[in-house]
Amino acid sequence: MPRIMAYKTAALNHAPRHLWPWLALPASLTAALQRAYGHTHRVTALLMGSGRRKPTYSEQRLLHLKRGERIFWREVLLHAGNPDRPAIWAMTTIPLCGLRHGLLPLARHGSRPIGNTLFRHRRLRRSPITMEALPRFGQRAWRRRSILRRGHTDVLVEEHFLPDLPPWAGRGRR
């Protein structure tokens, strides 16, 4: 996986400076989040929901799905010991056919963050990261999206940065 990822520079320039390293990080956010929290807290994923469903139009387009294909989705809040103060909201979307091609363990993660598992796959390739600000409660909330490809299977990863995101402490492990 290349160390330098392409991303929309104009969007990054409009983001608050403290978010720049989080938004542009090409590696696992989970590892960087663990580094930011330190060894006293463990990053945990609070499972908000998961299951199988029809994809949204955006998911269908980004994952190049055919009409009628279904997806597995998983929505979590990443935090370090206090689920009332999450740092990142994340959604992972996988075509059901991808679960049959080696990605089934991702559907069984429960309260474990999925990032470290995804980035252990040496054959994993990441698309350029796109980032944008979304209006939320009268302010701008930043998110990033990318496609992780393993073989012929694409996985859509979407991460939203929440107000309780800790200060950047380095990228952590790949």
Side-chain angles (χ1 to χ4, degrees), residues 1-12 14-15 19 22-33 43-79 86-136 140-162 165 174:
M1 183 178 306
R3 293 267 181 216
I4 299 172
M5 298 300 299
Y7 48 83
K8 293 183 179 178
T9 311
L12 186 62
H14 289 91
L19 285 181
W22 292 105
L23 287 165
L25 179 68
S28 169
L29 275 180
T30 306
L33 196 57
V43 174
T44 304
L46 175 63
L47 183 63
M48 302 299 290
S50 67
R52 298 165 188 231
R53 64 168 166 81
K54 287 197 234 180
T56 64
Y57 173 76
S58 177
E59 291 165 338
Q60 185 177 0
R61 184 178 48 80
L62 290 168
L63 293 169
H64 307 288
L65 299 175
K66 295 177 186 143
R67 189 178 178 142
E69 282 189 75
R70 296 178 56 83
I71 58 162
F72 171 81
W73 62 277
R74 180 177 184 261
E75 178 184 349
V76 298
L77 290 172
L78 296 177
H79 64 88
I88 296 172
W89 173 90
M91 170 85 87
T92 305
T93 307
I94 307 168
L96 286 184
C97 64
L99 296 180
R100 292 187 294 273
H101 294 110
L103 295 176
L104 185 59
L106 298 179
R108 298 179 175 155
H109 257 254
S111 64
R112 291 177 296 144
I114 214 168
N116 290 337
T117 302
L118 280 172
F119 284 93
R120 281 193 188 115
H121 288 285
R122 291 290 173 210
R123 287 187 255 145
L124 189 72
R125 298 289 174 247
R126 183 176 221 153
S127 72
I129 297 169
T130 60
M131 55 196 75
E132 65 182 327
L134 303 170
R136 287 261 160 81
R140 291 170 19 151
W142 285 85
R143 81 164 177 194
R144 70 183 208 161
R145 292 169 117 181
S146 62
I147 302 290
L148 301 172
R149 174 168 284 152
R150 181 173 180 248
H152 297 290
T153 303
D154 291 345
V155 177
L156 173 62
V157 177
E158 181 176 333
E159 298 137 331
H160 294 248
F161 299 91
L162 304 175
L165 184 70
R174 188 175 167 250

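Note that the numbering runs from 1 along the sequence shown for the chain. All values reported here derive from a predicted model rather than from experimental measurement.
- Here the CZ-OG distance, from Arg125 to Ser146, works out to 14.0 Å after rounding to the nearest 0.5 Å.
- In this structure, OG1 on Thr153 lies 12.0 Å from CG on Leu148, to the nearest 0.5 angstrom.
- In this structure the side chain of Leu96 never reaches within 4.5 angstrom of the side chain of Glu69, judged on heavy atoms.
- Between Leu29 and Leu78 there is no side-chain heavy-atom pair separated by less than 4.5 Å.
- Residues Glu158 and Ser58 are not in side-chain contact: their nearest non-hydrogen atoms beyond the backbone lie 4.5 Å or more apart.
- One distance of note links NE2 of His160 with CZ of Arg145; it measures 7.5 Å at 0.5 Å rounding.
- For the pair Arg144 (side chain) and Leu23 (backbone), a donor-acceptor distance under 3.5 Å is present.
- Contact between Ser50 and Phe72 at its shortest, heavy atoms only, is CB-CZ, 4.0 Å.
- The two residues Arg126 and Ala27 come nearest to each other via the heavy atoms NH1-O, 3.6 Å.
- When all heavy atoms are compared, the tightest approach of Ala90 to Glu159 is CB-CG, 4.2 Å.
- Here the closest non-hydrogen pair linking Trp89 and Glu75 is NE1-OE2, 2.8 Å.
- A search for side-chain contact (heavy atoms from CB on, under 4.5 Å) contacts involving Leu165 returns Leu19, Trp22, Leu33, Ala87, Ile88, Phe161, not counting sequence neighbours.
- For the atom pair Thr130 OG1 and Ile147 CD1, the distance stands at 8.5 Å (nearest 0.5 Å).
- Within the structure, salt bridge (charged side-chain N to carboxylate O under 4.0 Å, His left out) pairs that include any residue of residues 53-62 comprise Arg53-Glu59 (at least two apart or interchain).
- Shown here for Pro26 and Ile129, the closest heavy-atom pair between the two residues is CA-CD1, 4.2 Å.
- Residues satisfying the side-chain contact (heavy atoms from CB on, under 4.5 Å) criterion with Ala141, sequence neighbours excluded, are Arg136.
- The minimum heavy-atom distance between Arg140 and Ala133, with the atom names listed, is NE-CB, 3.8 Å.
- Distance CH2/Trp73 to CE/Met48: 9.5 Å, rounded to 0.5 Å.
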Item to complete: Given side-chain contact (heavy atoms from CB on, under 4.5 Å), test Leu162 with Leu77 step by step and report yes or no.
Response: CA-CA 10 Å; Leu162 304 175; Leu77 290 172; 4.0 Å; yes
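- The distance from the CG atom of Leu63 to the SG atom of Cys97 is 9.5 Å, given to the nearest 0.5 Å.
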